[in-house]
Structure formats: C-alpha cells, structure tokens
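Side-chain atoms are counted along with the backbone in the values below, which use heavy atoms only and exclude waters and symmetry mates.
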Amino acid sequence: MADDRSPSWGTYLSTGFETAVGVGLGYIVGHWLDGKYGWAPWGTLAGCMLGLAAGMYLLIKMALRANKD
C-alpha cells in the first residue's frame with residue numbers, strides 16, 4: 001500500500017513530460033529563430049538548453065518538495 005505523502009508514479013511521469021515539452025518547445029522556437037535571423041544552429045541549441053534547464057528546475061523543485069514532506 002502506498003503512503004499518501006509520497007509522490008506517486010504519476011508525479012514522476014508528469015515531470016518527465018514537462019521536461020520533454022520544454023525541450024520540444026525550445027526546439028520549435030529556436031528553429032523558428034534560426035530561420036528568421038539566420039542563427040543556425042545556435043537558436044535551436046539555445047532553445048533546447050533553456051527547455052532542458054526549465055525541466056531540471058521543475059525536477060529539482062519536485063524532489064525538494066518530496067523530501068520536505
């Protein structure tokens with residue numbers, strides 16, 4: 001039986017999806033900026049890195065909250 005205070009598998013799954021969506025949106029925006037301003041490949045790379053950083057931030061925030069409870 002799972003403890004009600006511990007995060008469920010859905011919490012971890014949502015964190016993975018949030019990271020993937022962040023990287024995906026960063027890629028799309030970066031690719032668009034590359035085409036508009038001719039920054040290839042730096043816009044795509046920067047967008048993906050920002051999306052990954054946002055996902056890591058959410059992961060660390062969730063881990064700290066789970067550890068605090």
Side-chain angles (χ1 to χ4, degrees):
M1 185 171 211
D3 185 10
D4 289 336
R5 295 179 313 187
S6 66
S8 65
W9 63 272
T11 303
Y12 298 120
L13 186 63
S14 69
T15 303
F17 280 133
E18 289 170 352
T19 302
V21 167
V23 172
L25 285 175
Y27 173 81
I28 291 169
V29 170
H31 189 69
W32 176 78
L33 288 171
D34 285 344
K36 184 165 177 73
Y37 295 109
W39 293 345
W42 302 112
T44 302
L45 185 63
C48 287
M49 291 297 116
L50 285 173
L52 185 61
M56 287 290 130
Y57 169 75
L58 291 172
L59 176 67
I60 291 168
K61 185 174 150 183
M62 191 257 328
L64 290 173
R65 188 177 336 129
N67 194 24
K68 185 177 180 181
D69 293 338

Does the side chain of T19 reach to within under 4.5 Å of the side chain of L58, using non-hydrogen atoms?
no

Nearest 0.5 angstrom please: K68 NZ to R65 CZ, how far?
10.0 Å

Return the set of residues passing side-chain contact (heavy atoms from CB on, under 4.5 Å) with I60 (not counting sequence neighbours), or none when no residue passes.
L64

Only pairs at least two apart or in different chains count here, so list each side chain to side chain donor-acceptor pair (under 3.5 Å) that has a residue in residues 46-62.
none

Can you sort out the partners of T15 under side-chain hydrogen bond (donor to acceptor under 3.5 Å, both in side chains), two or more places apart, ordered by chain and number?
none

Does anything in residues 43-52 form a side chain to side chain donor-acceptor pair (under 3.5 Å)? List the pairs, not counting sequence neighbours.
D34-T44

Co-membership, hydrophobic cluster, residues F17 and W9, 4.5 Å side-chain
yes

Once side-chain contact (heavy atoms from CB on, under 4.5 Å) is applied, do any residues pair with V29, and if so which ones, sequence neighbours excluded?
L33

Once ring-ring contact (aromatic ring centres under 6.0 Å, His included) is applied, do any residues pair with W32, and if so which ones, sequence neighbours excluded?
none

Separation between CE of M56 and CD of E18, rounded to the nearest 0.5 Å:
12.0 Å

Other ILVMFWY residues reachable from I28 by side-chain steps of under 4.5 Å:
Y27

Name each donor-acceptor pair under 3.5 Å that joins a side chain in residues 35-43 to protein atoms two or more places apart or in another chain, with its distance.
none

